[in-house]
Number of protein chains: 2
Amino acid sequence: MKHIAESTVRRLSLYLRFLEEFEAHGHQTISSGELASQGGTTSAQVRKDLSFFGSFGKRGLGYSVSDLSSRLREILGLGRPWKVVIVGAGKIGAALAQYRGFRERGFRIVGIYDVDPQSIGLALDGVTVRDQRDMETDLMSLNAEIALLAVPAEVAQPLTDRLVAAGIGAILNFASTPLHVPSHVTIRSVNMALELEILSYALVNRDA
Amino acid sequence: MKHIAESTVRRLSLYLRFLEEFEAHGHQTISSGELASQGGTTSAQVRKDLSFFGSFGKRGLGYSVSDLSSRLREILGLGRPWKVVIVGAGKIGAALAQYRGFRERGFRIVGIYDVDPQSIGLALDGVTVRDQRDMETDLMSLNAEIALLAVPAEVAQPLTDRLVAAGIGAILNFASTPLHVPSHVTIRSVNMALELEILSYALVNRDA
DNA sequence: GTTACTTTGTGAAATCATTCACAAGCACCC
DNA sequence: GGGTGCTTGTGAATGATTTCACAAAGTAAC
């Protein structure tokens, strides 16, 4: 298949959210225009995004909410649960461990790791924090596919290397430093201070 | 000034980080190539990004680390501190309140608000959680410019409307729903479940 | 069955972002 | 002071993404 832009995948993910909401409200069908207005985009964009994967709509009518939902779930790989480990049980790691949104969408936290003896042994939302030294063996036996990295910037790269060596497939990085991984591993970063700086820029250049 | 792409602003922010690191290591100058390799981009990209704002380098030599740092800080609006309020003192709000990275970069938490009587009165990193009913009057008197919104999706839009009415300039939204604001207010969203879904897509389409 | 209306799917056009490629400027050395 | 070696700044070219615009395909009503 042709390469799909990240911005497209991000929007598909949003569409899926709206569809689920629509489904909960008992709606059967939805038009590209309705989907667009929810997501702050245009109907043409919605149709183009979907067209990369097939034609799921009925002309004159729109899309079946339930059909499109399941097609999107399939496209996004949400048909099955994913096993996720959290590395770092500090404030952010702990908040992530207890975040409802992950479980709801099929991301199951199967392990949490830290180095701090104070944290090791704590139960966070049913999962016990384990020693970071156990990380590799656990990863092998659990076969976790995704890691959430919530550790100080200084140790982010070495821990990334360990995760990669242990066969992780994807990493979501919350440290404020860019990480380097081999090309078969997917990495994304969430950098909150950087988001604030973008807001700062916008505030300063409001009228420009 | 010509409109600057968000991707450019994001990279400027990253460059600033590397410059600060370089400065700490005692380096005087840096080339576009060095800056690029840190940020996973190309030297041409770095030079193009900077060229939107002026020409800060010396041919044959590169950029003065300290000069470029201060120019970038100025461009990004980081020359002065920003007053930030956090709305929602749950797990995420509390983690944000205690996150070091904000203060380091001049974002000062001046207020935290919640509705839960259990949370109200708690001190998070020196700031006391206050009743959400006090939010508007506080905002007016404190003149806070930025809000971090860490509340359940159902109440995110109404709270956004209140923040906008109270004169907030920018919002960083952690709720999993897109928010609508008038055009004079800047909004950005950090949606962690969505980031995981992008990873899920990547894992499923690894070889495609 | 025909007409009127709606909405999709998609090439083509337009816009936006990145990369290329190279002249121009500066440092350093002899 | 002239030559050599780097590195910047920037138009032009390329590539990517979004928007446009419209034929095709469906519904609904009579």
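- Rounded to an integer number of Å, the gap from B:L35 CG to D:dC6 C1' is 17 Å.
- Residue B:Y63 has no polar side-chain atom (N or O) positioned under 4.0 Å from OP1 or OP2 of C:dC26.
- Taking 3.5 Å as the limit, the base of D:dT8 and the side chain of B:R59 contain a donor-acceptor pair of atoms between them.
- If you find the closest nucleotide of DNA chain D to A:T42 and to B:S31, the one lying nearer the 5' end belongs to B:S31.
- For B:S51, no side-chain nitrogen or oxygen approaches OP1 or OP2 of D:dT8 to under 4.0 Å.
- Separating the NZ atom of B:K58 from the C1' atom of C:dC28 is a distance of 15 Å, rounded to the nearest angstrom.
- A salt bridge is absent between B:D49 and B:R10: the closest approach of a Lys/Arg side-chain nitrogen to an acidic carboxylate oxygen does not fall below 4.0 angstrom.
- B:F52 has its CZ atom 13 Å from the C1' atom of D:dG11, to the nearest Å.
- Using a 4.0 Å heavy-atom distance criterion, A:S43 is classed as making no nucleic acid contact.
- Following rounding to the nearest Å, B:R47 (CZ) and D:dT8 (P) show an atom-to-atom distance of 6 Å.
- As judged by a 4.0 angstrom heavy-atom cut-off over every strand, A:S32 is placed among residues touching the sugar-phosphate backbone only.
- At a threshold of 4.5 Å between non-hydrogen side-chain atoms, the residues B:V85 and B:V110 count as touching.
- A donor atom on one side chain and an acceptor atom on the other are not found under 3.5 Å apart for A:Q45 and A:T42.
- For the pair B:D49 CG and D:dT8 P, the computed distance is 13 Å after rounding to whole Å.
- Spacing between atom CG of A:L61 and atom P of C:dA4 amounts to 21 Å, rounded to whole angstrom units.
- Between A:F53 and B:Y201, the two ring planes are perpendicular [angle over 60°; tilted spans 30° to 60°].
- Side-chain contact between A:S51 and A:R47 is absent, with no heavy atoms from C-beta onward closer than 4.5 Å.
- For the pair B:Q45 CD and D:dA13 P, the computed distance is 19 Å after rounding to whole Å.
- Here the P atom of nucleotide C:dA12 and the NZ atom of A:K48 are 11 Å apart, to the nearest Å.
- Judged by closest nucleotide on DNA chain D, A:T41 is the one of A:G60 and A:T41 placed further toward the 5' end.
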